[in-house]
Amino acid sequence: MLNQKPNVVFVFSDQHRAEAVGYEGNPDVRTPNLDRLAAESLVFKTAVSNSPVCSPYRATLMTGQYPLTHGVFVNDVPIASHAVSLGEAFQQAGYDTAYIGKWHIDGHGRTTFIPKNRRKGFNYWKVLECCHNYNNSIYYGDEEQLLTWEGYDAAAQTRDAEQYIRDRNKDKPLFMVLSWGPPHNPYDTAPQPFRDLYDPALLSLRPNVQASYEAKSRQDLAGYYAHISALDSLIGDLADTLEQEGMAENTIFIYTSDHGDMIGSQGMEKKQAPWDESIRVPFLLRYPRRLGASSRQIDKPFNSPDIMPTLLGLCDAAIPDTVEGNNYAPY
């Protein structure tokens, strides 16, 4: 039915910079599934992270507000505003809501249990505030009992997301967020088959990497790219599940990241810097039923406060008055 509300599957990783994908012309990183997704999506060429560090971005994603309003300028503090959250807005629009993976906006400790009244409208819940021990990663469900993801956590989280999709309430549309920890450092912890893809000595560097950083940058890039290729394979699995469930046509499928990673560019590491490597992120949006399934590039600026209102706009759902970003759905 054309008037059926779309499902929304929002997948985002931690610290994946915009140029570290094949479809952007990177000669080294292997991302066949993201490249295929880009060929069927809107590709936001200048998507930026308004405040390029974990908690500030996530608070903005969850509120549609700028940090001056929601109050999260640094990691590990709670949202100060009383905004209607992204999960609550979709819940009010009749959606089943799910969140799997890294949260990092509760602000009560990185391994503290998060009760239902602090989950911002998400019903299905397998979450930890923050963990980057990807091969021994813990989380909570509804009970205050620590559980452990089996193996590489991004893979286990994706399997769980796929099962949630299969078991979904088919009488309601779903809004699911899958939040991966990689490719955030530590860089050397991706599954071995993906690490074997990259030889540091053969990798090219961005021209703004200083000579003193070259050896370390190549070593870090090898692990960084290994994580990205591992996530790329999981994107393929998730897309296959949507196809198998007959959901792909009427699902808004997004891949993005919370911020980038300097990896030696400008003589800097990690994020929190006003440079492209830190602030620019991948942003792919596939929605065949309404937008077709061919690649289109959007070169207008798209900022993290714009995500919440644009998603709600694409779903013809009410945008809360507390939102400060722009709804680009009509555009």
Side-chain angles (χ1 to χ4, degrees), residues 11-17 20 52-59 61 72 74-78 98-114 118-119 122 124-164 177-198 200 216 219-235 237-238 255-263 269-272:
V11 183
F12 75 116
S13 59
D14 193 341
Q15 212 158 287
H16 186 177
R17 67 191 191 188
V53 66
C54 297
S55 295
Y57 169 90
R58 291 158 194 270
L61 172 67
V72 182
V74 295
N75 285 340
D76 303 310
V77 298
Y99 198 105
I100 301 166
K102 178 179 175 179
W103 183 243
H104 213 181
I105 51 171
D106 188 62
H108 290 78
R110 292 193 171 193
T111 60
T112 299
F113 176 71
I114 301 170
R118 299 208 303 263
R119 296 180 189 174
F122 290 96
Y124 186 86
W125 183 260
K126 291 192 176 179
V127 165
L128 191 75
E129 176 76 347
C130 183
C131 176
H132 292 292
N133 186 358
Y134 303 131
N135 296 294
N136 188 24
S137 179
I138 56 177
Y139 71 97
Y140 292 99
D142 284 332
E143 305 300 324
E144 195 170 351
Q145 175 188 357
L146 270 176
L147 305 168
T148 302
W149 294 111
E150 183 178 352
Y152 188 59
D153 65 355
Q157 291 158 1
T158 304
R159 299 288 89 80
D160 194 81
E162 291 176 288
Q163 194 61 50
Y164 169 76
V177 178
L178 176 57
S179 172
W180 290 323
H184 188 293
N185 54 296
Y187 303 115
D188 60 352
T189 56
Q192 191 65 48
F194 297 100
R195 293 164 63 188
D196 290 343
L197 294 174
Y198 298 101
K216 186 177 189 306
Q219 192 66 44
D220 288 348
L221 276 176
Y224 186 65
Y225 288 165
H227 278 308
I228 290 170
S229 290
L231 300 182
D232 179 83
S233 73
L234 300 174
I235 286 284
D237 293 344
L238 196 54
Y255 176 74
T256 187
S257 190
D258 57 354
H259 52 75
D261 196 334
M262 297 300 291
I263 314 182
E269 298 181 34
K270 303 186 178 68
K271 58 272 187 179
Q272 292 175 282

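Only a predicted model underlies this, so the values are computations on that prediction, with no experimental measurement involved. Along the sequence shown, residues are numbered consecutively beginning with 1.
- To the nearest 0.5 Å, atom CG of residue N185 and atom CD of residue Q15 are 5.5 Å apart.
- Atoms CG and CD, from L234 and E162 in turn, are 8.0 Å apart once rounded to the nearest 0.5 Å.
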Next item on the list: Dump the intermediate steps for salt bridge (charged side-chain N to carboxylate O under 4.0 Å, His left out) on K216 and E269, then the final yes or no.
Entry: CA-CA 10 Å; K216 186 177 189 306; E269 298 181 34; 3.4 Å; yes
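- Here F12 contributes atom CZ and D258 contributes atom CG; the two are 6.0 Å apart, rounded to the nearest 0.5 Å.
- Atom OH of Y57 and atom NZ of K271 lie 14.0 Å apart (nearest 0.5 Å).
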Next item on the list: Evaluate the criterion salt bridge (charged side-chain N to carboxylate O under 4.0 Å, His left out) for residue pair D153 and K102; output intermediate values, then yes/no.
Entry: CA-CA 10 Å; D153 65 355; K102 178 179 175 179; over 6 Å; no
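- Looking only at side-chain heavy atoms (C-beta outward), L238 and L178 come within less than 4.5 Å of each other.
- With 3.5 Å as the limit, one finds a donor-acceptor pair spanning the side chains of Y255 and S13.
- Looking only at side-chain heavy atoms (C-beta outward), R119 and Y99 stay at 4.5 Å or farther from each other.
- More than 12 heavy atoms of other residues, nucleotides or ligands shown are found within 6.0 angstrom of CD on Q163.
- For E143, the CD atom is loosely surrounded, since the number of other residues' heavy atoms within 6.0 Å does not exceed 12.
- Going from atom CD1 of I114 over to atom OH of Y139 covers 14.5 Å, rounded to the nearest 0.5 Å.
- Distance check, rounded to the nearest 0.5 Å: OH of Y140 to CG of L147 gives 9.0 Å.
- Side chain to side chain, H108 and D76 fail the donor-acceptor criterion of an N or O pair below 3.5 Å.
- The aromatic rings of H184 and H259 sit perpendicular to each other, their planes meeting at more than 60°, with 30° as the lower class boundary.
- Annotation: ring pair (Phe, Tyr, Trp, His ring centres under 6.0 Å) contacts of Y134 (sequence neighbours excluded): H132, H227.
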